[in-house]
Structures are given as structure tokens and as C-alpha cells.
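Below: one structure, written as C-alpha cells.
Source: prediction; values computed, not measured. Only heavy atoms go into these numbers, but all of them, side chains included; no hydrogens, no water, no symmetry mates.
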Amino acid sequence: MSVVSIVYHSSSGHTKRLGEAIAQGVASVSRCRVETHAILEHDIHRGRWRNDAIIELLAASDAVVFGAPTSMGDVSGAMKCFIDATSSLFYTRRWADKLAAGFTTSFFPSGDKVHALQTLITFALQHGMLWIGHNEARFVESPPGVYEPHELNRLGGWMGMMACSHPWSSPDEHPDEADIRAARVFGSRVARAVLRWGGEPAEGAEVENA
Ligand SMILES: Cc1cc2nc3c(=O)[nH]c(=O)nc-3n(C[C@H](O)[C@H](O)[C@H](O)COP(=O)(O)O)c2cc1C
């Protein structure tokens, strides 16, 4: 059984809701189990996040999906504290060759979500992880609409799962149904990638100074 972990920060529940939909997508794929971990502010002391149990569970996962609200054009501060806390794993390469993916939600259709996802991508690549993006691409040739608001991946982001949420809405309202459906599809894509990538690492020495 492959394990996909979803680790996220959410201040007011919208990113959490998106992560739940991704978890449903993962769970829809047989031979994949999903675990969800919240990054909580009470694990942050003097700017440092610490929760050794979560770190161990992530290390035991085949893939990790990182989620955060877009906050001032980047991941939220709590997510950044989590990211910084993993620097102790950098030299151990414990997360190398795991699959990774990311999701974010913010108020505006753009809202600079791309930059938040770039932070997550850079973070995952620093750990030697392999990044999975979205694969939904629909093109509706019906002018004058610029995009179709009910389509999967309606915001047209392939770096990861992007959604919109009004800051004062309930997480039951936003992300809306289109984003929730897209998140489920995204979760199943991650799970299928894990099964495809799974198995033993290839034999043979790494090429040094080639
Ligand atoms: C401090 C702060 C900064 C924010 N910055 C942005 C932003 O840069 N772009 C944007 O579109 N929305 C921004 N928002 C809106 C949040 O991204 C949005 O409310 C999101 O759904 C919050 O997710 P959460 O409920 O999981 O905490 C910001 C909200 C807060 C509170």
C-alpha cells in the first residue's frame, strides 16, 4: 500500500477544505492510502515550527502534497516556518526521490498564487523530490467568455492545484464545486503517479564527475 501524505496550513479553513478534496481523490485510487496533517500555530515557538511525529510520518510517505493559503503573494507564515524546520533534513536527503505536489487558495483569481506554488516547488526540489503538476486542460471555443468558470482547472494553473476563496466565506461555500472537483482529480493524479513511480529504486552507482 502506497502512502500519500497531505500537509497543510490553513487559518480559516479554505485550504483545509481543498486538502480534504485532494485526499478524497487520493483515496479513490486503490492501493493508495492518504494521511492528512495540519500545520498548527501552537507548534511554532519563537518562529520555529516543531512536530517530530509529523516529520517522521512524512518521511515514511511515498508522496507529500503541500498546501498553504496564498498570503501576501507567498505561502502563509506558518507554512514558511514548517519549510524552514525541514532544513535539518536537507543533508540527510531523507525526502529525496519522493513525489511532491502542492495546492493553494486565495481570494483573487490570480492573487499571485503562482508565487506561492513556486515557493513550494523550490522547497520540494531542494529536498530532491519530484514535482507533479495539474494535467487538466480544457479549451472552450465559445466567445465572448474568456474562460469557463465551471470547468476543471478553471483558473488554468498547471504548477499545482489553485482555487479561489473569499476570505469571509465559509469553507462550505469556497472553494466552490468546480475547484473541489478539480482538487479530487488532482489527488487521484498524485495517487496514480505514486503507483507508477513506485517500486524499488534502480540498481547501479550514481555517475560521479561524469
Ligand atoms: C494576511 C493575508 C494575506 C492574504 N494575501 C492574499 C494574496 O496575496 N492574494 C490573494 O488573492 N488573497 C490573499 N489573501 C486571502 C486568502 O488567501 C484567502 O482568504 C484564503 O482562502 C485563506 O485560506 P485559509 O482559509 O485556508 O486560511 C490573504 C489573506 C490574509 C489573511
State plainly whether the residues R154 and D179 are in salt-bridge range, i.e. N to O under 4.0 Å.
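So R154 pairs with D179 through a salt bridge.
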Any idea which heavy atoms bring [X] and [Y] closest together, and the distance?
{"X": "G187", "Y": "V26", "result": "O-CG2, 3.4 Å"}
{"X": "G102", "Y": "L120", "result": "CA-CD1, 4.3 Å"}
{"X": "S10", "Y": "T15", "result": "OG-N, 3.5 Å"}
{"X": "A193", "Y": "I132", "result": "CB-CD1, 3.7 Å"}
{"X": "S12", "Y": "P171", "result": "O-CG, 3.5 Å"}
{"X": "A178", "Y": "L152", "result": "O-CD2, 4.3 Å"}

Are [X] and [Y] side-chain neighbours, meaning at least one heavy-atom pair lies under 4.5 Å?
{"X": "N153", "Y": "F186", "answer": "no"}
{"X": "D52", "Y": "R50", "answer": "yes"}
{"X": "S106", "Y": "M162", "answer": "no"}
{"X": "E41", "Y": "H9", "answer": "yes"}
{"X": "R48", "Y": "R46", "answer": "no"}
{"X": "I39", "Y": "M79", "answer": "yes"}
{"X": "L117", "Y": "M161", "answer": "no"}
{"X": "R17", "Y": "P175", "answer": "yes"}

According to a hydrophobic-cluster definition based on side-chain heavy atoms being under 4.5 Å apart (Ile, Leu, Val, Met, Phe, Trp, Tyr only), do [X] and [Y] belong together?
{"X": "L18", "Y": "L40", "value": "no"}
{"X": "I44", "Y": "F123", "value": "yes"}
{"X": "L125", "Y": "V7", "value": "yes"}
{"X": "I180", "Y": "I22", "value": "no"}

Going by the side-chain hydrogen bond (donor to acceptor under 3.5 Å, both in side chains) test, which pairs reach into residues 181-190, not counting sequence neighbours?
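Every pair satisfying side-chain hydrogen bond (donor to acceptor under 3.5 Å, both in side chains) with a residue in residues 181-190: Q24-R184.
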Hey, are S169 and H14 close enough side-chain-wise for a donor-acceptor pair under 3.5 Å?
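S169 and H14 do have a side-chain donor-acceptor pair below 3.5 Å.
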Can you pull out every ring-ring contact (aromatic ring centres under 6.0 Å, His included) where at least one residue sits in residues 16-60? Sequence neighbours excluded, please.
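The answer is W49-F82.
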Show every ring-ring contact (aromatic ring centres under 6.0 Å, His included) that has at least one partner inside residues 95-120, sequence neighbours left out.
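Non-adjacent pairs meeting ring-ring contact (aromatic ring centres under 6.0 Å, His included): W95-H127, F107-H166.
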Let me confirm one number: the [atom1]-[atom2] distance from [X] to [Y], rounded to the nearest 0.5 Å.
{"X": "D43", "Y": "N51", "atom1": "CG", "atom2": "CG", "value": "4.5 Å"}
{"X": "K16", "Y": "I6", "atom1": "NZ", "atom2": "CD1", "value": "12.0 Å"}
{"X": "T122", "Y": "Q126", "atom1": "OG1", "atom2": "CD", "value": "7.0 Å"}
{"X": "H134", "Y": "M159", "atom1": "NE2", "atom2": "CE", "value": "13.0 Å"}

Could you tell me whether a side-chain N or O of K98 sits under 3.5 Å from a main-chain N or O of L130, the two making a donor and an acceptor?
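Answer holds: no.
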Working note: K80 + D84, criterion side-chain contact (heavy atoms from CB on, under 4.5 Å); need CA distance, chi angles, decisive distance, verdict.
CA-CA 6 Å; K80 187 66 172 83; D84 289 353; 2.6 Å; yes
Residues in salt bridge (charged side-chain N to carboxylate O under 4.0 Å, His left out) contact with D172, at least two apart in sequence or another chain:
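None.
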List the steps, then state whether side-chain contact (heavy atoms from CB on, under 4.5 Å) holds for L155 with C164.
CA-CA 9 Å; L155 297 174; C164 277; 4.0 Å; yes
Using the rule given for side-chain contact (heavy atoms from CB on, under 4.5 Å), can you reason through I83 versus T119, listing the C-alpha separation, both sets of side-chain angles and the distance that settles it, and then say yes or no?
CA-CA 10 Å; I83 287 173; T119 294; 4.1 Å; yes
Candidate pair S110 and D112, rule side-chain contact (heavy atoms from CB on, under 4.5 Å), full reasoning:
CA-CA 5 Å; S110 164; D112 294 328; 4.1 Å; yes
Report, one line per pair, each donor and acceptor closer than 3.5 Å where one atom sits in a side chain of residues 27-34; sequence neighbours left out.
| unit_1 | atom_1 | unit_2 | atom_2 | d |
| --- | --- | --- | --- | --- |
| S28 | OG | G25 | O | 2.6 |
| R33 | NH1 | E35 | OE2 | 2.7 |

In a table with atom names and distances, give each donor-acceptor pair under 3.5 Å that connects a side chain of residues 55-72 to protein atoms at least two apart or in another chain.
| unit_1 | atom_1 | unit_2 | atom_2 | d |
| --- | --- | --- | --- | --- |
| E56 | OE1 | R94 | NH2 | 3.2 |
| E56 | OE2 | R94 | NH1 | 3.1 |
| S61 | OG | S5 | OG | 2.6 |
| S61 | OG | L57 | O | 2.8 |
| S61 | OG | L58 | O | 3.4 |
| D62 | OD2 | V3 | N | 2.7 |
| T70 | OG1 | T104 | OG1 | 2.8 |

